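Beneath this line is the structure, given in structure tokens, with notes to follow.
First the proteins, then the strands, lettered A, B, ... as listed; each starts at 1. Since we're looking at a predicted model, the values are computed, not measured. Hydrogens, waters and symmetry mates play no part in the numbers below; they use all other heavy atoms, side chains included.
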Protein chains: 2
Amino acid sequence: MEKPQTRIQQRNQAAILSAGLNIFSQYGFRGSTLDQIAEAAGLSKPNLLYYFPSKEAIHSALLARLLDTWLDPLKAMDETGDPITEIMGYAQRKLALSRDYPRESRLFANEVLQGAPHIAEVLATDLKILVDEKAAIIRAWSEAGKVADVDPHHLIFSIWAMTQHYADFDVQVRAVLGDREPYDGASVFLDALYQRLLQP
Amino acid sequence: MEKPQTRIQQRNQAAILSAGLNIFSQYGFRGSTLDQIAEAAGLSKPNLLYYFPSKEAIHSALLARLLDTWLDPLKAMDETGDPITEIMGYAQRKLALSRDYPRESRLFANEVLQGAPHIAEVLATDLKILVDEKAAIIRAWSEAGKVADVDPHHLIFSIWAMTQHYADFDVQVRAVLGDREPYDGASVFLDALYQRLLQP
DNA sequence: TCTTGATTTGACCAACTGGTCAAACCAACG
DNA sequence: CGTTGGTTTGACCAGTTGGTCAAATCAAGA
């Protein structure tokens with residue numbers, strides 16, 4: 001289905017998406033301008049619109065690419081593995097995502113903050129289905145006495161909240177920590193937190 | 001120092017701040033327009049600018065009002081109280097703030113997401129000082145064996161993250177939960193989480 | 001080299017942006 | 001009732017916004 005791409009197309013589309021990610025993740029959709037993105041991508045505005053038909057199109061492409069990878073860590077949580085290891089592994093993978101892809105995290109945060117106008121449906125269908133499925137697994141684990149009996153949905157929310165916080169509120173975290181690096185301490189803390197919470 | 005205010009001034013300024021809170025908290029500073037705010041406030045744009053000299057002024061007024069009350073729950077954490085009760089009380093107060101003032105929470109989230117251009121200094125001074133002070137108290141508690149030995153800064157971050165998540169990602173939380181109410185479950189979960197984490 | 005299709009751009013547009021201003025309006029007090 | 005000072009507005013402005021288009025430029029295969 002993909003059309004063949006010239007090298008120039010690949011390079012410019014990549015540059016536009018990267019620039020768009022920088023801008024959109026900082027200012028949100030409405031707060032970002034094509035001129036900003038074009039300049040960040042090193043292209044003229046008409047040239048940018050030669051590769052993407054509209055501002056919306058760039059944003060949609062970014063969101064689509066994001067959602068694909070964003071849910072992977074949760075999908076990877078394995079029913080047959082050791083429960084506590086699986087949950088803690090998920091939390092650590094999600095934290096690594098915040099550390100390595102903070103812009104994507106902020107893009108997502110901006111979208112949801114603004115009421116998720118572009119992805120409300122995905123949240124209510126795909127995401128909900130995935131979460132309900134994994135929540136059922138966790139529930140089964142607690143009923144088998146393998147992890148503590150806590151609400152699985154709120155457990156998952158807590159992992160999202162804690163990990164995304166380090167990407168989305170990066171400025172605040174760093175302002176408070178001074179020059180200490182955030183992620184090492186976060187990783188240790190997460191470990192202790194869920195170790196203690198989940199022990200049956 | 002306050003100038004005397006007519007009833008009309010009070011009503012209109014309040015209307016503008018309320019409308020501004022609605023708009024800014026959803027679209028961020030750059031994504032919001034004076035026309036939107038004016039319409040939401042039921043005023044014409046020139047009339048709005050009769051009460052506030054600029055878009056910035058409305059935003060600043062909101063942020064100032066917010067910061068005042070936003071830090072109160074942390075300030076109220078009492079060195080002389082029972083450690084675990086104090087920390088869990090703080091978490092619950094912060095959660096109540098998210099439930100009762102979600103727009104304020106999102107206004108703050110938008111500001112920090114965009115790099116905190118208007119409040120970077122407050123974060124690096126007032127906030128840092130307050131957090132360092134409370135972190136020292138928590139550290140003393142753990143050294144006295146009254147609470148578990150966890151990094152106090154990351155403990156505080158975790159409370160911020162978990163409570164703000166329910167306001168800032170409200171759309172996502174509700175999409176996943178379906179028609180279940182979020183805050184009751186959140187309160188119970190928070191309680192279990194910190195009870196288990198903090199027990200020495 | 002020449003041609004063809006991909007790429008790039010300057011000029012342009014209508015709608016919208018934050019903000020101004022003089023004139024009109026209105027409430028209340030003497 | 002008339003005046004005075006607070007209030008409201010229509011018309012307006014310069015700069016910015018997302019987007020268009022024809023013409024110019026370029027890359028690469030025949």
B:Lys55 (side chain) and C:dG19 (base): donor-acceptor pair under 3.5 Å: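 Such a pair does not exist between side chain and base.
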Looking at every strand, decide which applies to B:Ile8 at a 4.0 Å heavy-atom threshold: base, sugar-phosphate, or nothing.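 The residue B:Ile8 makes sugar-phosphate contact but no base contact.
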Under 4.0 Å between any heavy atoms, over every strand shown, what does A:Tyr51 touch: base, sugar-phosphate, or nothing? Just pick one.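 Contact class for A:Tyr51: sugar-phosphate only.
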[X] side-chain N/O to [N] phosphate OP1/OP2 under 4.0 Å:
X       : N      : value
B:Ser44 : D:dT8  : no
A:Tyr50 : C:dT7  : yes
B:Asn47 : D:dG10 : no

Determine whether [X] and [Y] make a side-chain contact, defined as any pair of heavy atoms from C-beta on separated by less than 4.5 Å.
X        : Y        : value
B:Phe29  : B:Pro117 : no
B:Asp151 : A:Val188 : no
B:Pro200 : B:Val147 : no

To the nearest Å, give me how far apart [atom1] ([X]) and [atom2] ([N]) are.
X       : N      : atom1 : atom2 : answer
B:Ile37 : C:dG18 : CD1   : P     : 8 Å
A:Leu48 : C:dT7  : CG    : P     : 14 Å
B:Lys45 : D:dC13 : NZ    : P     : 14 Å
A:Arg11 : C:dT8  : CZ    : P     : 7 Å
A:Asn12 : D:dC26 : CG    : C1'   : 13 Å
B:Leu34 : C:dT20 : CG    : P     : 11 Å
A:Asp35 : D:dG19 : CG    : P     : 11 Å
B:Gln9  : D:dG5  : CD    : C1'   : 11 Å

Answer with yes or no whether the side chains of A:His165 and A:Asp170 bring together a donor and an acceptor at under 3.5 Å.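 Looking only at side-chain atoms, A:His165 and A:Asp170 do not form any donor-acceptor pair under 3.5 Å.
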What is the ring orientation for A:His154 with B:Tyr166, classed by angle as parallel under 30°, tilted 30 to 60°, or perpendicular over 60°?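 Correct class here is tilted.
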B:Pro53 vs B:Arg7, nearer the 5' end of DNA chain C by closest nucleotide: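 Looking at the nearest nucleotide for each, B:Pro53 comes out on the 5' side.
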